[in-house]
Amino acid sequence: MATLITDDCINCGACEPECPNNAIYQGGCTWEKDGVRQQALRDDYYFIVPDLCTECVGFFDEEQCAAVCPIECCLPDPDLAESEDMLISRARSLHPHRTIAEPFPSRFRR
Ligand code: SF4
């Protein structure tokens, strides 16, 4: 499942630079997909774009946003369950010029 940032967010911004997929944005900020600017998903707190989140599969063995969040408000989204296969496929799609070979880091394999 994609990771989400809950309403407990204190807007510290610690998570944003840690994401390997540039999936995290400050509230109110636009973001980009396939070269097209997209509206902010929320205005009040940092948010994660689900289509850009791989739960860090392919890069790390734990979600980096969750690892640095001082109040533990980066949590698995219970409404967006995704398999490791889906997430590694997304990681490879988001980084076409990077080789992500087996065995790759994954929270599923910790
Ligand atoms: Fe980015 Fe990983 Fe957090 Fe997803 S779980 S938003 S890929 S840091």
Side-chain angles (χ1 to χ4, degrees):
M1 53 197 80
T3 305
L4 63 76
I5 296 174
T6 73
D7 291 355
D8 294 326
C9 176
I10 58 172
N11 285 320
C12 72
C15 55
E16 184 180 8
E18 303 302 324
C19 179
N21 299 311
N22 293 324
I24 303 174
Y25 295 85
Q26 192 169 13
C29 289
T30 58
W31 52 285
E32 190 174 307
K33 184 179 183 190
D34 299 329
V36 179
R37 298 306 300 175
Q38 310 286 335
Q39 292 294 315
L41 300 187
R42 60 188 301 172
D43 293 326
D44 42 6
Y45 304 112
Y46 277 79
F47 61 89
I48 294 171
V49 178
D51 285 352
L52 301 179
C53 176
T54 65
E55 300 175 30
C56 289
V57 168
F59 296 93
F60 302 101
D61 64 3
E62 66 177 336
E63 298 92 324
Q64 297 300 285
C65 52
V68 300
C69 180
I71 57 164
E72 300 181 4
C73 74
C74 300
L75 302 174
D77 184 343
D79 296 325
L80 274 180
E82 296 178 295
S83 68
E84 184 182 57
D85 282 350
M86 294 171 67
L87 293 166
I88 192 61
S89 174
R90 179 176 299 146
R92 288 173 171 142
S93 172
L94 291 171
H95 303 274
H97 302 299
R98 180 178 181 135
T99 300
I100 306 177
E102 294 275 359
F104 51 81
S106 169
R107 72 171 188 80
F108 293 84
R109 304 177 184 194
R110 269 194 300 217

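Heavy-atom basis, side chains included; hydrogens, waters and symmetry copies ignored. Indexing begins at 1, ligand by ligand and atom by atom, following the structure's order.
The aromatic rings of Tyr25 and Trp31 sit tilted, their planes meeting at an angle between 30° and 60°.
The protein heavy atom nearest to atom 7 (S) of ligand 1 is Asn21 ND2, 3.2 Å. Nearest non-hydrogen protein atom to atom 3 (Fe) of ligand 1 is Cys65 SG, 2.3 Å. Protein heavy atom nearest atom 5 (S) of ligand 1, with residue, atom name and distance: Thr3 OG1, 3.2 Å. When hydrogens are left out, the protein atom nearest atom 1 (Fe) of ligand 1 is Cys19 SG, 2.3 Å; that is the closest non-hydrogen contact.
In this structure, CD in Glu18 is found 11.0 Å from SG in Cys74, a value given to the nearest 0.5 Å. Atom-to-atom distance recorded for Ile100:CD1 and His95:NE2 is 6.0 Å, nearest 0.5 angstrom. For the atom pair CG of Asn22 and CG of Leu94, the computed distance is 9.5 Å after rounding to the nearest 0.5 Å.
Distance check for Cys53 against atom 4 (Fe) of ligand 1: an N/O/S atom falls below 2.8 Å. For Cys56, every N, O or S atom stays at 2.8 Å or more from atom 1 (Fe) of ligand 1.
Across all non-hydrogen atoms, the minimal contact from Arg42 to Tyr46 is CD-O, 3.8 Å.
Under the 4.5 Å side-chain criterion, counting only non-hydrogen atoms from C-beta, Pro20 is in contact with Cys56.
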Glu82 and Arg107: salt bridge (Lys or Arg N to Asp or Glu O under 4.0 Å), yes or no, with the steps? CA-CA 12 Å; Glu82 296 178 295; Arg107 72 171 188 80; over 6 Å; no
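Near Glu63, the atoms of ligand 1 lying under 4.0 angstrom from a non-hydrogen atom of the residue are 5 (S). Atoms of ligand 1 found under 4.0 Å from any heavy atom of Ile24, numbered from 1 in the order shown, are 6 (S). Remark: ligand 1 atoms within the under-4.0 Å shell around heavy atoms of Ile48 are 6 (S). In the vicinity of Thr54, heavy-atom distances shorter than 4.0 Å reach the ligand 1 atoms 7 (S).
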